[in-house]
Peer 1: 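Attaching a single structure in structure tokens format; questions to follow.
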Protein chains: 2
Amino acid sequence: MNEKKNVTITDVAKKLKLSVATVSRALHSHPSVKESTRKRVVDMSDKMGFRINEVASSLRSNKSKTIGMIVPKIYMYFQSQIITIIQNELYKYGYNLIILQSNDSLELEKQAVETLMSFRVAGVIAAVTLYTVDFSHFDVFLNNNIPVIFYDRIPDYENDSIKVCGDDKQGGFEATRHLIEVGCKNILHISGPLQCYLYKYRSMGYKMALERSGIPFKEENLVCHELTHENAWSTLVNAFERDPSIDGIFTANDTCAIAALEFCKSHNLRVPNDVKIIGYSNDNRTAITTPSISSVEQFPNEFGIKTVSVLMQALNNEAGAPTKYVIPVKLVRRMST
Amino acid sequence: MNEKKNVTITDVAKKLKLSVATVSRALHSHPSVKESTRKRVVDMSDKMGFRINEVASSLRSNKSKTIGMIVPKIYMYFQSQIITIIQNELYKYGYNLIILQSNDSLELEKQAVETLMSFRVAGVIAAVTLYTVDFSHFDVFLNNNIPVIFYDRIPDYENDSIKVCGDDKQGGFEATRHLIEVGCKNILHISGPLQCYLYKYRSMGYKMALERSGIPFKEENLVCHELTHENAWSTLVNAFERDPSIDGIFTANDTCAIAALEFCKSHNLRVPNDVKIIGYSNDNRTAITTPSISSVEQFPNEFGIKTVSVLMQALNNEAGAPTKYVIPVKLVRRMST
DNA sequence: TTGAAAGCGCTAACAC
DNA sequence: GTGTTAGCGCTTTCAA
């Protein structure tokens, strides 16, 4: 025990024969406190090993320095990238991050909202589950003046929330147009559930590209389900059985693009000669397959930085009307196309 | 505004004409409170939209329901896997998770310790930076009775902390022995900095395997640096220039194993015919390269579950003497060997 | 089984 | 520029 435990502001005040109010002000660099006093307080605090008790501070001021985040699953490539940058950014502004996972369960997502309310977080950053269509469980934040930023998986309607999303329609469009440009005439699109904003808009881009090229959209070429390796595999089995002339595959994530590549390899379909493949997110795995897989870069860094800066604006009441911020995407061409 | 804001325990008490003390007890299922009262309180709380204010609760009881985590970088494969499971596990016990990243900077790690102290976390889970040799900045937790569990990157000496680590020596041993078994005679080991527990023990396993097979250890075949793609590449350039007879590469992470594979491909070295490669961590990328890369599975799930259960024991003072828990590893053989 | 009351450490009027 | 003081919402003795 070489360190005193839990030195309080009162201890520092006594030692310096000052009031706690002055110490508090000094620690927050309040303008009315004399510079020499401020310095004495800061020095003594360091010397005594004082650390502000954020819990007491939050309770009293009713302001917390903690941001709550709700995500489906931390380990997903895009999510882990964006969480990384968000934590680093928040740190710069002096905020901390509590992360809760919904595991793509609506029930857990609702519980997460309750938990964050209990912790009186200052703000919330959320990417909802695949199945969240009704966002009203988030209203409690807005009713309590806690800003919410939805990112990536956002509500597909106007409301009081702030949204940061990728340009999913454009991404879907560019991916599909690219396949068409390199010669595909019969393109299968493996999509996630269409009630989810991302997938809805990516598929809209897909349809738009077909239309612009005069290729008729075929209902059976748009398959929607959770984007797992297994699901993609059985979709591909069915699709190629039904129609062996498929010559392009656009998957709405990279896990499925990898599945598609493996499927083609195992069924003697040459990639890119017989079938061309493009994924979405530019997962780091896409660069190392043979052949490497084309994808759509979503710029998680820009995404995260934008999300945090928008949140900070909202916390400072500098935000204007609720807006949707769109992060551009970029086609990354590789050997699979 | 369809929801009242910040209903307090006092509001509930007034409504029921009870004291706040009884309400508090009821909410915590204190045995002395009559079941019928408990039910009335719980029902009324729900009805009024009451949520306990964890901030006030923490302040008063001096106990928090928050665990702090310090990691180098969230997005690293093994880290994101383990964070995922740790958050889910903690949730089961009613704890929340604040994550701070050191970005492998010792300075940031020290600041993270201060931040977690300020937030009066109940316990700490930490994987230190590559450069943390002196762990004394963590002492403040122990001095304040806050348990610390080090995992993965742990102190390499006896102290009062609890440690959960993989069987790195065994992993290094098995990886190297495997290369030897499949015919390698001249094995390069690309390691991280040896002051870091992980890499020290993996390299000890490497040496042990060589020794047991009567292969002399060559100093120049053990290269240490941060395990990035670029570093691995230049190491490989140098190594094969110096000694083209290298026929096996054991890298202490998978990023470098992937770099090794790419290097071999680009230098007309056939894998596994000319050179065999094995990595470490069983990163999901290793399964999808061509050829796929052998690796050492570290079981992040078991790792995370063990870490949390040990932490819970410590929080309940059920922990015995500080211990090191070792999670077994498993060789995953693929096409690169 | 319940209530009264003190106080966790801090902030922010309001006073001087 | 600094001090006094009243709580923030809750837990927890102590008393009834």
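Keep in mind it's a predicted model, so treat the numbers as computed, not measured. Proteins get letters first, then strands, A, B, ... in listed order; numbering begins at 1 in each.
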Peer 1: Among residues at least two apart in sequence or on other chains, which ones pass salt bridge (charged side-chain N to carboxylate O under 4.0 Å, His left out) with Glu35(B)?
Peer 2: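 Only Arg38(B) meet the salt bridge (charged side-chain N to carboxylate O under 4.0 Å, His left out) criterion with Glu35(B).
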Peer 1: Over how many whole Å does the gap from Asp11(A) atom CG to dC8(C) atom C1' extend?
Peer 2: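 These atoms are roughly 13 Å apart.
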Peer 1: Calculate the interatomic distance between Arg40(B) atom CZ and dT1(C) atom P; express it in whole Å.
Peer 2: 15 Å
Peer 1: With no hydrogens and no angle check, just 3.5 Å: does a side-chain donor-acceptor pair link Asn103(A) and Ser105(A)?
Peer 2: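 No - no donor-acceptor pair under 3.5 Å links their side chains.
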Peer 1: Phosphate oxygens OP1/OP2 of dT2(C): is one of them under 4.0 Å from a side-chain N or O of Thr37(B)?
Peer 2: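 For dT2(C), OP1 or OP2 has a side-chain N or O of Thr37(B) closer than 4.0 Å.
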Peer 1: Establish, yes or no, whether a centroid distance under 6.0 Å links the rings of Phe150(B) and Phe138(B).
Peer 2: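 That pair passes the under 6.0 Å test.
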Peer 1: To the nearest Å, how far apart are Arg38(A) CZ and dT2(D) P?
Peer 2: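 So the two atoms are 12 Å apart, to the nearest Å.
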Peer 1: Sugar-phosphate means primed atoms, P, OP1 and OP2; the rest is base. With that split, encode nucleotides 3-12 of chain D 5' to 3' as B, S or - using protein heavy atoms under 4.0 Å.
Peer 2: BB-BBBBBBB
Peer 1: Would Tyr77(B) and Tyr75(A) count as a ring-ring contact (aromatic ring centres under 6.0 Å, His included) if you check the C-alpha gap in whole Å, the side-chain angles of each, and the deciding distance to 0.1 Å?
Peer 2: CA-CA 8 Å; Tyr77(B) 178 76; Tyr75(A) 69 81; 8.6 Å; no
Peer 1: Side-chain contact test, heavy atoms from C-beta onward, threshold under 4.5 Å: evaluate it for Met117(B) versus Ile146(B) and give yes or no.
Peer 2: yes
Peer 1: Does any donor atom in the side chain of Thr115(A) or Ser118(A) lie under 3.5 Å from an acceptor atom in the other side chain?
Peer 2: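 There is no such pair between these side chains.
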